[in-house]
Colleague: 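I'd like to ask some things about the structure below.
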Amino acid sequence: MLLDRRVPPNKYTFPFVLKACAARLDLRAGRAIHRHAARAGLHADLFVSTALIDLYMKCAFFRHATNVFDQMPSRDAVAWNAMLAGYALHGMHQQALAYLIRMQDTRLRPNASTLVSLLPLLAQQRALSQGKSVHAYSVRACLHDKDGVLVGTALLDMYAKCGHLRYACSVFEAMADKNDVTWSALIGGFVLCNRMLEAFRLFKDMLAQGLCFLSPTSVASALRACASLADLRIGEQLHVLLAKSGLRSDLTAGNSLLSMYAKAGLIDEATALFDEMVVKDTVSYSALISGYVQNGMADEAFLVFRRMLACSVEPDVATMVSLIPACSHLAALQHGKCSHGSVIVRGIAPETSICNALIDMYAKCGRIDLSRQIFDVMPARDIVSWNTMIAGYGIHGLGKEAAALFLDMKNRACEPDDVTFICLISACSHSGLVTEGKRWFHMMEQKYGITPRMEHYIGMVDLLARGGFLDEAYQFIQSMPLKADVRVWGALLGACRVHKNIDLGKQVAKMIQKLGPEGTGNFVLLSNIFSAAGRFDEAAEVRILQKEKGFKKSPGCSWIEINGSLHAFIGGDRSHPQSPQIYQELDSILVDINKLGYQADTSFVLQDLEDEEKEKALLYHSEKLAIAFGILTLGEDKTIFVTKNLRVCGDCHTVIKYMTLVRKRAIIVRDANRFHHFKNGQCSCGDFW
DNA sequence: GTAGGGTTAG
């Protein structure tokens, strides 16, 4: 139409066409029209210029937008708003605010549109006092009259994001007009502030007002509340509601449902939902990836990631932050390095959340040095960065380094939170620093005013009991202000096993049984304690009881990454193609280490077998198989790194020390709990295994 | 103007 010479475009035509370009982010067409307008002498026209600014801002061509703005002979509030909104759109707070301030120097006053662009910025920065000023200004300027719903919604959202739900509610109540966005903003605010039950109540109130308010956004918030409260029943009701209303195929609603099911552990439902979705986007894929990782299916997560790439759906920060922990779980360093490369290529490597995930990944893959490197160079650290790094030192038994980092954190005026202390106490526990651990616990309450949660008590019991202070740990549990849950008792029971204290172990086991059928692992521990004492009948009884109650013990599994491929073994496993060589190697190792004085600690065998058979049962534990495979495949200069899903058994711990001598290898084992660095007949953890 | 997927501890 523009090329039709008989009807030349005029100042009324250009803005509309430019608007269409902006909506499609079609910069090429937009620039062509810009030139066209210039030839027609209309490029400095108020409406044309404003439309150009809008287009360039949406396409992130800031210089072009600024040029147009600067060349305008006169500007109205809409032109100023276009600049402000453009910067706000790209999260460029400083630039946006600079335009607001410059606007004050003119005789123009901010209008409703200005505030609607401005308030989300303040919300994101949690700038409550500035937000209040804006609120006051909007009242003085009577901006509630026109566009009242928009200003009101932006205000209530700002208050909610600043954590001031009371103000948000009073704005909400004072609003004469409310629409679906208003309701959504308020419900979302309650979810954000972790007030899930009230969020539900609001959602119900909203439905009572009429179905016209129901929107994918409000359902999404309600589903988040379900996931957080682990209330699957309501979640399913919402699923039905969605199916009945016209929102069945909405992408936002579908993604929320998928995520809710995944978080509830119903990964099959989540997968089915994903497969049914006609349109899938980055969020859908990320939700499924994170679902698999959260449910311990890291390999499936990689498959979904590959499918995503094959379908040309672009991964973003959240996708990678979901995927990287899959490498951490598998301790698959090569996969992790690949993911690291991928975030560098995508230009998202400096993002704080990406760095945090990488720090965790390298720590769990045995490369605490690389964790620290990332930590040191990352552009901005948040509390998660510090906690992750401290936790990383913890699992490596580097309690002193963890403490040093805490001091560093204080010097940089970063406030520790409750998780920081969980990490610190656990770090002490893994390093045998009992006194220091107790000090952190007291400091947390007295100096930082953080009330201990169950997790802190679990850490303390673990610290004391693992350090051999079993009675003190027992006393500690008795004196807790909270009712100890199965995890607290489990920590004590685990230590009874290590320190072979059967009497206390039995007592603790009774406590656990009283608490009901919560801890699967505890049956195993109790049974192990009986076995260790040679009381096999009782051990068997516990196992039978466990079976009757329907608990499955997850089998011990160890794996090793060789050239980027994972090789997994379970105890006595002969499924690996190189099994004959592996078993031969282990038998030969046994001969060599016997010469050095090794004696099998058969108390770790769970069945009642003859001594020689016991020795064999021990010899073929999964961690030993994986290590033997490593010895056979990797060159002598390479450290062998094996990961086990459960705790390393005590006999394995001893054998691995000997292995480092007879095969002259450095061996690292990551178990469910921590890292064990074996070298020259020693283990880094000493007796705190 | 609202909103779906995400990193630490256990």
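Below, chains carry the letters A, B, ... as their sequence lines are ordered, and counting in each starts from 1. Predicted model only: the values in this text are computed from it and were never measured.
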Colleague: Distance under 4.0 Å to a non-hydrogen atom of chain A counts as contact; along DNA chain B, which nucleotides mark the start and end?
Modeller: dG1(B) to dG10(B)

Colleague: Considering every strand and a 4.0 Å limit on heavy-atom distances, what is the contact class for A318(A): base, sugar-phosphate, or nothing?
Modeller: base

Colleague: With a 4.0 Å cut-off on heavy atoms, is T388(A) in touch with a base, just the backbone sugar-phosphate, or nothing at all?
Modeller: sugar-phosphate

Colleague: To check you understand the geometry: which heavy-atom pair defines the closest contact between I383(A) and T420(A), and what is its length?
Modeller: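 It is CD1-OG1, 3.8 Å.
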
Colleague: Compute the centroid of each ring, for H135(A) and then for Y159(A), and state whether the two points are separated by less than 6.0 Å.
Modeller: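 Aromatic pair counts; centres sit under 6.0 Å.
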
Colleague: Under 6.0 Å between the ring centres of W183(A) and F172(A)?
Modeller: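 Yes: the rings meet the under 6.0 Å criterion.
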
Colleague: Determine the contact category for L251(A): base if any of its heavy atoms lies under 4.0 Å from a base atom, sugar-phosphate if only primed atoms, P, OP1 or OP2 are that close, otherwise nothing.
Modeller: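 L251(A): base contact, heavy atoms under 4.0 Å.
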
Colleague: Mind jotting down which residue pairs meet the side-chain hydrogen bond (donor to acceptor under 3.5 Å, both in side chains) criterion with at least one end in residues 198-207 of chain A? Sequence neighbours excluded, please.
Modeller: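 Qualifying pairs, neighbours excluded: R195(A)-E198(A).
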
Colleague: Describe the nucleic acid contact of S284(A) in one word from base, sugar-phosphate, nothing, applying a heavy-atom distance below 4.0 Å.
Modeller: nothing

Colleague: Base, sugar-phosphate or nothing for S385(A)? Non-hydrogen atoms, less than 4.0 Å.
Modeller: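 Nothing, no nucleic acid heavy atom in range.
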
Colleague: Would you kindly check if the NZ (Lys) or CZ (Arg) of K280(A) is within the cone defined by 45 degrees around the ring axis of F274(A) and under 6.0 Å from the six-membered ring centre?
Modeller: yes

Colleague: Once you apply a heavy-atom cut-off of 4.0 Å, does K161(A) come out as touching a base, just sugar-phosphate, or nothing?
Modeller: sugar-phosphate

Colleague: Scan R381(A) against the nucleic acid and name what it touches under 4.0 Å (heavy atoms): base, sugar-phosphate only, or nothing.
Modeller: nothing

Colleague: Using a strict threshold of under 4.0 Å (side-chain N to carboxylate O), is an ion pair present between D417(A) and R453(A)?
Modeller: no

Colleague: When we call it a touch if two heavy atoms are under 4.0 Å apart, what does K178(A) touch: a base, just sugar-phosphate, or nothing?
Modeller: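 No contact at all - K178(A) keeps every heavy atom at 4.0 Å or more from the nucleic acid.
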
Colleague: Once you apply a heavy-atom cut-off of 4.0 Å, does E351(A) come out as touching a base, just sugar-phosphate, or nothing?
Modeller: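 If one applies the 4.0 Å heavy-atom cut-off, E351(A) turns out to touch nothing in the nucleic acid.
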
Colleague: Identify the residue among D250(A), L257(A), L242(A), I187(A) that makes a side chain to side chain contact (heavy atoms under 4.5 Å, CB included) with V219(A).
Modeller: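 Checked D250(A), L257(A), L242(A), I187(A) against V219(A); only one passes side chain to side chain contact (heavy atoms under 4.5 Å, CB included): L242(A).
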
Colleague: Base, sugar-phosphate, or nothing for D281(A), non-hydrogen atoms under 4.0 angstrom?
Modeller: base

Colleague: Any base atoms under 4.0 Å from D316(A), or only sugar-phosphate, or nothing? Heavy atoms, all strands.
Modeller: base

Colleague: Using a heavy-atom cut-off of under 4.0 Å over every strand shown, decide if V219(A) touches base, sugar-phosphate, or nothing.
Modeller: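 Here V219(A) touches no strand at all.
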
Colleague: When we call it a touch if two heavy atoms are under 4.0 Å apart, what does D250(A) touch: a base, just sugar-phosphate, or nothing?
Modeller: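 No contact.
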
Colleague: So what does T182(A) touch, heavy atoms closer than 4.0 Å: a base, only the sugar-phosphate, or nothing?
Modeller: base

